[in-house]
Amino acid sequence: MTPSNVPPRDDQLWQQVHWLGVIASAGTLTAAAQRLGVSKAAVSQHLAALERRVGVPLVRRSTRALRLTEAGQRLVDDTTPSFAHIVQSVSSVHDLAAAPRGLVRVTAPVALGRQHVVPHLLDFLRRYPDIRVELELSDRFANLPQEGFDLAVRHVAAPPDSHVAWKLCGTRTLLVATNAYLRKRGTPQHPGELAMHDCLAYLRPGAAVWMFEHADGAGGEPQRVRVPVRGPLRANTSEVLREAVLSGLGIALVPDFSIATAAHRSRLHRLLPQWKPVGFFGESIYAIRPWSPNTPRAVQLLVDHLRVVMARSIGHGAQA
């Protein structure tokens with residue numbers, strides 16, 4: 001067998017295929033050589049060797065640019081994800097050997113973030129001094145990939161299928177009022193009676209309507225009641241609604257994490273516990289990140305930390 005007919009070793013073949021991907025991304029041999037840190041002649045030689053190996057042209061050269069042939073494009077499309085996976089795997093192994101470090105950009109709702117993310121985030125940062133966190137508290141739903149967020153903490157019914165999600169803890173929506181308000185206005189015994197009370201509603205477009213569900217003891221379809229409500233205040237954060245209820249202003253639906261402290265629970269009375277509010281707040285709190293084959297160690301550590309501390313502070317729902 002002559003030297004020209006000797007097939008390249010696997011390491012040479014892998015390098016040549018990888019360099020083809022760099023050529024495709026860079027657009028010219030000169031730019032590819034600069035990106036790889038080698039000479040243009042070396043790139044040209046590797047490309048020619050690969051073309052001899054596969055037996056078909058992989059690029060079309062012109063005086064100004066370089067374009068892949070159909071065969072070249074297919075080879076790049078088939079192999080680029082594998083090389084990206086190798087890079088991610090090496091990075092993951094490196095993370096195991098080194099102290100966790102890096103920047104984690106996080107977004108969370110205002111009330112949930114203030115009450116149950118920020119307090120526990122400080123302990124996390126003290127434990128991992130080489131990890132940095134940028135936290136944005138906002139009730140809007142950020143587009144994580146477009147805005148560069150690594151993680152979102154969200155109170156939703158179900159996470160989007162296009163993302164990676166970890167359930168941090170369960171949560172419930174509670175109907176609450178103070179004893180002082182109930183002594184003055186009476187205690188509702190059925191959701192329909194809420195139409196005669198001062199109800200403090202979450203600020204959403206349109207009229208405020210609360211829906212409740214009651215399980216049928218005979219095992220049939222659950223009974224649902226839809227109640228239009230009115231009151232002196234509507235607000236877009238559960239913290240404001242909680243403080244308004246504590247002042248005796250009216251009745252409100254709030255997520256249990258907003259009244260998770262013993263001080264709040266001792267001053268509030270839970271109403272209609274046999275009726276479940278539906279279509280309002282989610283029943284779980286999730287950590288969500290854009291889909292990727294691997295999760296950076298710093299992100300995974302933060303998720304694990306939040307899962308432990310939030311399950312402890314919120315759990316399956318605080319009792320009012």
Side-chain angles (χ1 to χ4, degrees), residues 3-98 100-107 130-132 134 136 142-152 160-165 288-300 302:
S4 61
N5 292 328
V6 176
R9 303 191 310 270
D10 284 344
D11 58 339
Q12 292 176 330
L13 180 59
W14 295 338
Q15 184 183 54
Q16 291 163 5
V17 174
H18 171 60
W19 283 23
L20 178 65
V22 176
I23 293 169
S25 176
T28 67
L29 294 182
T30 300
Q34 292 174 346
R35 188 176 300 181
L36 291 167
V38 298
S39 68
K40 179 181 177 181
V43 175
S44 181
Q45 290 170 4
H46 275 68
L47 175 58
L50 182 58
E51 288 181 323
R52 289 195 299 271
R53 168 67 173 171
V54 298
V56 294
L58 299 173
V59 300
R60 292 190 182 93
R61 300 169 179 81
S62 68
T63 55
R64 293 186 176 181
L66 177 151
R67 292 188 303 127
L68 295 181
T69 64
E70 182 180 353
Q73 188 64 58
R74 178 174 178 179
L75 187 56
V76 169
D77 290 344
D78 287 348
T79 58
T80 297
S82 297
F83 283 112
H85 183 68
I86 290 171
V87 171
Q88 291 173 340
S89 296
V90 171
S91 177
S92 298
V93 172
H94 178 267
D95 282 347
L96 293 175
R101 64 178 64 247
L103 173 65
V104 183
R105 298 193 67 236
V106 185
T107 177
D130 292 328
I131 294 178
R132 295 174 296 120
E134 290 182 359
E136 178 181 297
N143 186 308
L144 305 188
Q146 289 185 6
E147 299 182 43
F149 285 108
D150 300 294
L151 197 67
D161 293 336
S162 57
H163 289 57
V164 180
I288 303 170
R289 71 173 262 100
W291 187 91
S292 63
N294 296 290
T295 301
R297 189 181 179 200
V299 173
Q300 187 65 61
L302 180 55

Is any side-chain heavy atom of Leu50 closer than 4.5 Å to a side-chain heavy atom of Trp19?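 With C-beta onward as the side chain, the pair stays apart.
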For [X], side chain to side chain donor-acceptor pair (under 3.5 Å) partners two or more places apart:
X: Glu136; value: Arg140
X: His46; value: Gln15
X: Glu134; value: Arg105

For Val59, what residues pass the side-chain contact (heavy atoms from CB on, under 4.5 Å) criterion, not counting sequence neighbours?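 Once residues adjacent in sequence are excluded, the partners of Val59 under the side-chain contact (heavy atoms from CB on, under 4.5 Å) criterion are Leu20, Leu47, Glu51, Arg61, Leu66, Leu68.
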Suppose we screen for side-chain contact (heavy atoms from CB on, under 4.5 Å). Which residues come up paired with Thr80, at least two apart in sequence or across chains?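 Checked Thr80 against side-chain contact (heavy atoms from CB on, under 4.5 Å); matches are Val76.
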Could you tell me the separation between the [atom1] atom of [X] and the [atom2] atom of [Y], rounded to the nearest 0.5 Å?
X: Leu302; Y: Asp150; atom1: CG; atom2: CG; result: 9.5 Å
X: His18; Y: Ile23; atom1: NE2; atom2: CD1; result: 10.5 Å
X: Thr79; Y: Arg74; atom1: OG1; atom2: CZ; result: 12.0 Å

Between [X] and [Y], which heavy-atom pair has the shortest distance, and what is it?
X: Val104; Y: Ala298; result: CG2-CB, 3.8 Å
X: Leu151; Y: Arg289; result: CD1-CB, 4.1 Å
X: Ala165; Y: Ile288; result: CB-CG1, 4.3 Å
X: Leu144; Y: Pro290; result: CB-CG, 3.7 Å
X: Ala142; Y: Phe149; result: CB-CE1, 3.8 Å

Does any N or O in the side chain of Thr295 come within less than 3.5 Å of the main-chain N or O of Gln300, such that one atom is a donor and the other an acceptor?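 The answer is no, because no donor-acceptor pair under 3.5 Å joins these two groups.
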Scan the side chains in residues 29-37 for donor-acceptor partners under 3.5 Å anywhere in the protein, sequence neighbours excluded, and list what turns up.
| residue | atom | partner | partner atom | Å |
| --- | --- | --- | --- | --- |
| Arg35 | NH1 | Ser25 | OG | 2.8 |

